[in-house]
Amino acid sequence: MAKEKINWEDEQVRKTYRHTASHIMAQAVKNLWPDTKLAIGPSIDNGFYYDFESEHKFVEEDFLKIQKEMKKIIQANYPLERFELPREEAIKFMEEKNEPYKVELIQDLPEDAVISFYKQGDFTDLCAGPHVESTGKIKAVKLMSVAGAYWRGDSDRQMLQRIYATAFPSQEELDEYVAKLEEAKKRDHRKIGKEMDLFAIYDEGPGFPFFMPKGMVIRNELESFWKEEHRRRGYEEIKTPLILNEQLWRTSGHWDHYKDNMYFTKIDDEDYAIKPMNCPGSLLAYKRKMWSYRDFPVRMGELGQVHRHELSGALHGLMRVRTFTQDDAHIFMLPEQIKDEVQGVVKFIDDIYSMFGFPYHIELSTRPEDSMGTDEEWEAAENGLREAMESLGIDYVVNEGDGAFYGPKLDFHLEDSLGRTWQCGTIQLDMQMPQRFDISYIGPDGEKHRPVMIHRVIFGSIERFIGILTEHFAGKFPLWLAPVQVKLLTVNEKLIPYAEEVKAKCEAKGLRVELDGRNEKIGYKIREARNQRDSYICTIGDREAEANTVSVRSNKIGDLGAMDVDTFIDTLVKEVETKAIAPLFEAKEEK
């Protein structure tokens, strides 16, 4: 019998499939623990969950039992039958089943709402649907984890038990997904960051990362690279203060649209805010003098530290923090320069992402509900971004209603080595801030005119980008970023003088090198260096000292064999200078 094909690329298909799987899981749980009360069971990215109230405390040891029961329901191939009930009948129906959460959901629905249910076998659930035709359509399921969840997200309400799971059209696809999850665990930047001693986050400052010396190497290299690339493209660097008075944030609109995410303080009995964004400071920098139309475009870059109040439950290593450094730039331009400047930034971002080997896609985010400005201004700004992209011939998708409150934006979603996407770069076209700050320039007619402004980032935040790079490369960074580029390991202490000579040669060429001359077994030292993800591990024994060589192992391609010291160093220098992603050596052939 031919395998049934479904369009798994279609988001709605995935949601329908996984929502059906959530009903199967709820039925299985009710079969095993009949007194369990049902809450909600939606599909989510990469899976689904269901919230339960039960006297039984669910643990991972229950998962196989639940999956076995789900398999029985799937094999029974029950049709999913939809039916509707009037409001009072629906409430009575759920009360008879002792499902108080379902009763509450029905009571909160509008008076004219259609109240629908889905039945599969002897199990019925309140649900708007849609679902697949029958339980037998679900092919592969796996329970992933269990956690606590307040009913309706309200900490004053009942704590429920949430079981997370996933479903795929085939066991092969499920296995592939689980394998990727396992690989993601190994690559978790928090785990690797600890092993490599890159950064730490302490209880004394949740969401406020500390960068250690090796982490600072990566950070400094990225920032130096950022500065050089911006100088080459005509940007001037500025630095604006961390704290500015409340009135500035009222002028910018952040007070009305963003204050719940901001931190505040008092100075000399006046209210101040710690900046969540760099743009108001750039606008003050622009206003320091009068500009001529001949000065445009004006490109100001800033590695600006910002602070944003994130909920403690949302914090995640370097990926979601409360303070971070945005690689911001603000471009002030004439209206007729919009297309060229947007295209210039798109090409700039493409150059950077391509250098790291990141594929990406672009989304155009349009006007949100909570926004400033007129319909005409928003239409002009959105059309400006569309025209720039279409002239470049680059595909993009439209993300309705997700723009910034002051303007539409192009978001760049890069894809890492595990196929995960991360929103990093953004280009925001802004016609609101120039009005609110009353900035101007003198045009060819000698009169004052209003410039247009672009906000843009490439890395997004230095901290988050380091987290992404750590997971993308599994801690085995490109050589130019690696904290330790060369690790020298001596077989015995007599070889330390030769190792010191090699170390001095490496340092003279600007390489970051460490020497481990401890009186430990060489196998132990090698394992330690490999766990540190040091780029090139060089073992030095009597034979190497006599021949002026080192035995080299790359953390990316393995054993390279014995190499002449000068040849080895020169190749590394070239690898650093070209910012190569992969080593410039070839692995030693197996005999």
Side-chain angles (χ1 to χ4, degrees), residues 192 195-198 211-225 228 355 469-470 473-588:
I192 292 173
E195 291 172 353
M196 294 181 68
D197 196 24
L198 303 179
F211 276 82
M212 303 307 165
K214 288 182 178 178
M216 283 303 297
V217 169
I218 299 169
R219 186 184 184 107
N220 288 335
E221 288 292 341
L222 283 174
E223 292 187 0
S224 296
F225 169 67
E228 180 57 33
M355 192 196 75
L469 289 176
T470 302
F473 292 112
K476 299 174 182 179
F477 296 98
L479 189 63
W480 69 279
L481 284 176
V484 178
Q485 296 167 326
V486 181
K487 188 64 157 285
L488 302 174
L489 309 177
T490 54
V491 171
N492 59 58
E493 292 176 319
K494 292 187 300 181
L495 297 161
I496 289 177
Y498 173 68
E500 292 279 10
E501 291 176 20
V502 177
K503 182 172 183 281
K505 284 186 175 183
C506 290
E507 290 174 335
K509 290 297 183 77
L511 296 173
R512 294 185 286 273
V513 56
E514 288 184 354
L515 167 59
D516 185 351
R518 293 175 299 166
N519 188 23
E520 298 280 358
K521 290 182 179 178
I522 193 65
Y524 172 80
K525 293 201 279 190
I526 290 171
R527 283 193 301 275
E528 200 171 66
R530 290 176 70 173
N531 195 49
Q532 284 285 309
R533 281 89 167 170
D534 296 333
S535 294
Y536 290 97
I537 302 169
C538 300
T539 307
I540 296 173
D542 292 332
R543 187 167 49 187
E544 286 79 14
E546 289 171 10
N548 196 34
T549 62
V550 285
S551 287
V552 183
R553 180 177 184 82
S554 160
N555 69 357
K556 292 186 177 72
I557 58 176
D559 187 19
L560 301 176
M563 300 186 67
D564 172 75
V565 170
D566 292 333
T567 303
F568 169 67
I569 291 173
D570 289 344
T571 306
L572 262 57
V573 169
K574 185 177 179 183
E575 192 175 320
V576 170
E577 288 175 348
T578 58
K579 292 185 167 55
I581 295 176
L584 300 184
F585 299 103
E586 291 184 5
K588 184 179 178 183

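Bear in mind the structure is a predicted one, so any value in this text is a computation, not a measurement. All values below come from the heavy atoms of this structure, side chains included, with hydrogens, waters and symmetry mates left out.
A side-chain contact (heavy atoms from CB on, under 4.5 Å) with Val513 is found for one member of Ile569, Asp534, Leu488, Leu572 and no other, namely Leu488.
The heavy-atom pair separating Leu198 from Thr470 by the smallest distance is CD1-OG1, 4.4 Å. What you find for Asp559 and Gly561 is that their closest heavy atoms are OD1-N, 3.0 Å. The two residues Arg512 and Leu481 have their closest heavy-atom pair at NH2-C, 3.7 Å. Closest approach of Val576 to Trp480, counting heavy atoms only: O-CB, 3.8 Å. Nearest approach of Phe225 to Lys579, heavy atoms of both residues: CD1-CE, 3.5 Å. A pairwise comparison of heavy atoms in Glu544 and Ser551 identifies OE2-OG, 2.5 Å as the closest pair.
Scored by the salt bridge (Lys or Arg N to Asp or Glu O under 4.0 Å) test, Lys476 finds no partners at all (sequence neighbours excluded).
Within a 6.0 Å radius of CZ in Arg543, no more than 12 heavy atoms belonging to other residues, nucleotides or ligands are found. The number of heavy-atom neighbours closer than 6.0 Å to CD of Glu586, taken from other residues, nucleotides and ligands shown, is 12 or below.
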Decide yes or no on side-chain contact (heavy atoms from CB on, under 4.5 Å) for Asn492 and Asp542, but give the supporting numbers first.
CA-CA 9 Å; Asn492 59 58; Asp542 292 332; 4.3 Å; yes
Test log, rule side-chain contact (heavy atoms from CB on, under 4.5 Å), inputs Glu221 and Phe477
CA-CA 12 Å; Glu221 288 292 341; Phe477 296 98; over 6 Å; no
Give the intermediate values and the outcome of side-chain contact (heavy atoms from CB on, under 4.5 Å) for residues Lys525 and Lys487.
CA-CA 10 Å; Lys525 293 201 279 190; Lys487 188 64 157 285; over 6 Å; no
Determine, stepwise, if the pair Met563 / Tyr536 fulfils side-chain contact (heavy atoms from CB on, under 4.5 Å).
CA-CA 12 Å; Met563 300 186 67; Tyr536 290 97; over 6 Å; no
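Annotation: side chain of Phe211 is not in contact with side chain of Ile218 (no heavy-atom distance under 4.5 Å). At a threshold of 4.5 Å between non-hydrogen side-chain atoms, the residues Val484 and Val217 do not count as touching.
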List the atom pairs, with distances to 0.1 Å, where a side-chain N or O of residues 500-507 and a protein N or O form a donor-acceptor pair under 3.5 Å, not counting sequence neighbours.
from, atom 1, to, atom 2, distance (Å)
Lys503, NZ, Glu507, OE2, 2.9
Lys505, NZ, Asp566, OD1, 3.4

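Between Phe585 and Phe568, the ring-plane angle classifies as parallel under the 30° and 60° cut-offs.
Distance alone, capped at 3.5 Å, is enough to place a donor-acceptor pair between the Glu575 side chain and the Leu584 backbone.
Side chain to side chain, Lys214 and Gln532 meet the donor-acceptor criterion of an N or O pair below 3.5 Å.
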